[in-house]
Amino acid sequence: MIDSTEQNIKLEESWKALLSLEFSKDYMQQLKSYLKAELASGHHIFPPGPDYFAALDHTPVDKVKVVILGQDPYHGPGQAHGFCFSVRPGITPPPSLVNIYKELESDLGIPRPDHGCLLSWADQGVLLLNSVLTVRAQNAGSHQGQGWETFTDHIISELNQKHDNLVFILWGSYAQKKGAKIDRNRHLVLQSPHPSPLSSYRGFFGSQPFSKTNQYLQAHGKKPIDWSLPPLSQLSDDS
């Protein structure tokens, strides 16, 4: 649960320092009250409270090299764990992630992984950020417009202004609108249709985001991302 007392926020220290003032603002207090009311009404919220900020916890501010921007968490049981497009080990990859894997194989020749957990990307500097960090079970988009968008806008703004040569991957119109203010002179912005089955054949397939990202990182003296994922047998239960 979000708490306005800084020491009670489970958040990686560099992000806590960058975002601490946000937690005391009115919109975050209203969001905290909203989430408490949701739970008090008997609704299940995904991901679990300790995972709200998992993407930030795994990718400290100065380690960020790539930002993949999602919309809101998966709303099925056991799926969401705080990283956009990722699911816990052992959970069947959803259709959008399956299409991401198809493009990964087409782009870099990396075979489809046997799971849907993207933590190894996050550990290398890929910030897997949803615009909205929570959702009511079985109700997609249910926590939109409650304050999370303001919070994640601030994250994007800070990265845009205080870093150079990041890669922002914006799949679909929602992500592209949210990333509209990113400085294209300082960063690489890769845009394509969403990997959803409804739109993937309109330009997501063949967009080569993974190779383009690594080419840009290497051109600016940064280590490329190893987009291959370890097999399920090598993942821990708490991934």
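For clarity, every value in this text was computed on a predicted model and none was experimentally measured. Values below: all heavy atoms of this structure, side chains included; hydrogens, waters and symmetry mates excluded.
Counting Ile, Leu, Val, Met, Phe, Trp and Tyr side chains that sit under 4.5 Å apart, directly or through other members, F46 shares a hydrophobic cluster with V135.
Side-chain atoms of T213 and W227, non-hydrogen and from C-beta on, do get closer than 4.5 Å to each other. Between P94 and V87 the shortest side-chain heavy-atom distance falls below 4.5 Å. Inter-residue side-chain proximity for Q215 and S211 is flagged as met; some heavy-atom pair is nearer than 4.5 Å. Considering only heavy atoms from C-beta on, L217 stays 4.5 Å or farther from N165 through its side chain. In this structure the side chain of Y101 reaches within 4.5 angstrom of the side chain of P113, judged on heavy atoms. L170 is listed as a side-chain neighbour of V189, based on a closest heavy-atom distance under 4.5 Å. In this structure, the side chains of S196 and P95 stay at 4.5 Å or more apart for every pair of heavy atoms. Using a 4.5 Å heavy-atom cutoff, the side chains of L69 and I169 are not in contact.
For N160 (side chain) and I182 (main-chain N/O), no donor-acceptor pair under 3.5 Å exists by modelled atom type. Side-chain N or O atoms of S192 include none that pairs as donor or acceptor with a backbone N or O of F204 at under 3.5 Å. The backbone N or O of G70 lies less than 3.5 Å from no partner atom in the side chain of K178, so there is not a single donor-acceptor pair. Under a 3.5 Å cut-off, the side chain of Q124 and the backbone N or O of D226 do form a donor-acceptor pair. A distance-only check finds no donor-acceptor pair linking the side chain of D51 to the backbone of G82 [under 3.5 Å]. Without hydrogens or angle criteria, N214 side chain to P224 main chain gives no donor-acceptor distance under 3.5 Å. Listed for the H220 side chain is no donor-acceptor partner under 3.5 Å among the backbone atoms of K222. When atom types are taken as modelled, the side chain of E103 and the backbone of Q208 share a donor-acceptor pair closer than 3.5 angstrom. When atom types are taken as modelled, the side chain of E105 and the backbone of K102 share no donor-acceptor pair closer than 3.5 angstrom. Looking only at distances, no side-chain donor or acceptor of H81 sits under 3.5 Å from a matching main-chain atom of P47.
Summarising the geometry of P89 relative to L235, their closest heavy-atom pair is CG-CD1, 3.9 Å, with the distance given to 0.1 Å. The nearest pair of heavy atoms linking L232 to H115 is N-CD2, 3.5 Å. Between G203 and P193, the closest heavy-atom pair is C-CD, 3.6 Å. Across every non-hydrogen atom of H163 and H187, the tightest pair is O-CE1, 3.0 Å. Looking at every heavy atom in both residues, P209 comes nearest to W171 through CG-CZ2, 4.1 Å. Closest approach of G179 to R184, counting heavy atoms only: O-NH1, 3.2 Å.
Taking the six-membered ring for Trp and thresholds of 30 and 60 degrees, F151 and W148 have ring planes more than 60 degrees apart, a perpendicular arrangement. The aromatic rings of Y34 and H143 lie perpendicular to each other, with more than 60° between the two planes, well past the 30° mark.
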Kindly list each side-chain donor-acceptor pair under 3.5 angstrom involving residues 61-68, sequence neighbours excluded, with atom names and distances?
{"unit_1": "K65", "atom_1": "NZ", "unit_2": "K223", "atom_2": "O", "d": "2.6"}

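With 3.5 Å as the limit, one finds no donor-acceptor pair spanning the side chains of H194 and S200. Between the side chains of S157 and Q161, at least one donor N or O sits under 3.5 Å from an acceptor N or O. With 3.5 Å as the limit, one finds no donor-acceptor pair spanning the side chains of Y27 and Q146. Side-chain contact check for Y52 and T134: no donor-acceptor pair (N or O, by modelled atom type) lies under 3.5 Å.
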Could you please spell out the steps behind the side chain to side chain contact (heavy atoms under 4.5 Å, CB included) verdict for V126 and T59? CA-CA 7 Å; V126 181; T59 313; over 6 Å; no
Output, in order, the C-alpha distance, side-chain angles, deciding distance and verdict of side chain to side chain contact (heavy atoms under 4.5 Å, CB included) for L188 and L166. CA-CA 6 Å; L188 175 65; L166 300 181; over 6 Å; no
Under the side chain to side chain contact (heavy atoms under 4.5 Å, CB included) criterion, do L39 and H43 qualify, and how do the steps go? CA-CA 5 Å; L39 292 170; H43 296 298; over 6 Å; no
Evaluation steps, side chain to side chain contact (heavy atoms under 4.5 Å, CB included), between L128 and L119: CA-CA 9 Å; L128 298 166; L119 254 64; over 6 Å; no
Please assess T150 against K25 for the test side chain to side chain donor-acceptor pair (under 3.5 Å), listing each intermediate value before the final yes or no. CA-CA 11 Å; T150 302; K25 292 184 177 179; over 6 Å; no
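Both I110 and V167 sit in one connected hydrophobic cluster of ILVMFWY residues. Membership requires side-chain heavy atoms under 4.5 Å apart, directly or through other members. Residue L18 is not grouped with residue L21 when hydrophobic side chains (ILVMFWY) are merged at heavy-atom distances under 4.5 angstrom, including chains of intermediate members. Cluster membership for L198 and V98, using ILVMFWY side-chain heavy atoms within less than 4.5 angstrom, is not shared.
Rounding to the nearest 0.5 Å places CZ of R88 at 13.5 Å from OH of Y74. Once rounded to the nearest 0.5 Å, the distance linking CG of D57 with CD of E12 reads 7.0 Å. Going from atom CD of Q234 over to atom CG of L229 covers 11.0 Å, rounded to the nearest 0.5 Å. Here the CG-OG1 distance, from D72 to T152, works out to 11.0 Å after rounding to the nearest 0.5 Å. Atom-to-atom distance recorded for S131:OG and D153:CG is 6.5 Å, nearest 0.5 angstrom. To the nearest 0.5 Å, the span separating CG on L159 from CG on D164 amounts to 11.5 Å.
Counted within 6.0 Å of CZ on R202, heavy atoms from surrounding residues, nucleotides or ligands total 12 or fewer; the atom is thus considered open.
Of the options W15, F23, F83, a ring-ring contact (aromatic ring centres under 6.0 Å, His included) to F53 is made by F23 and by none of the others. Each of H75, H44, E38 was scored for a side-chain hydrogen bond (donor to acceptor under 3.5 Å, both in side chains) with R136, with one residue passing: E38.
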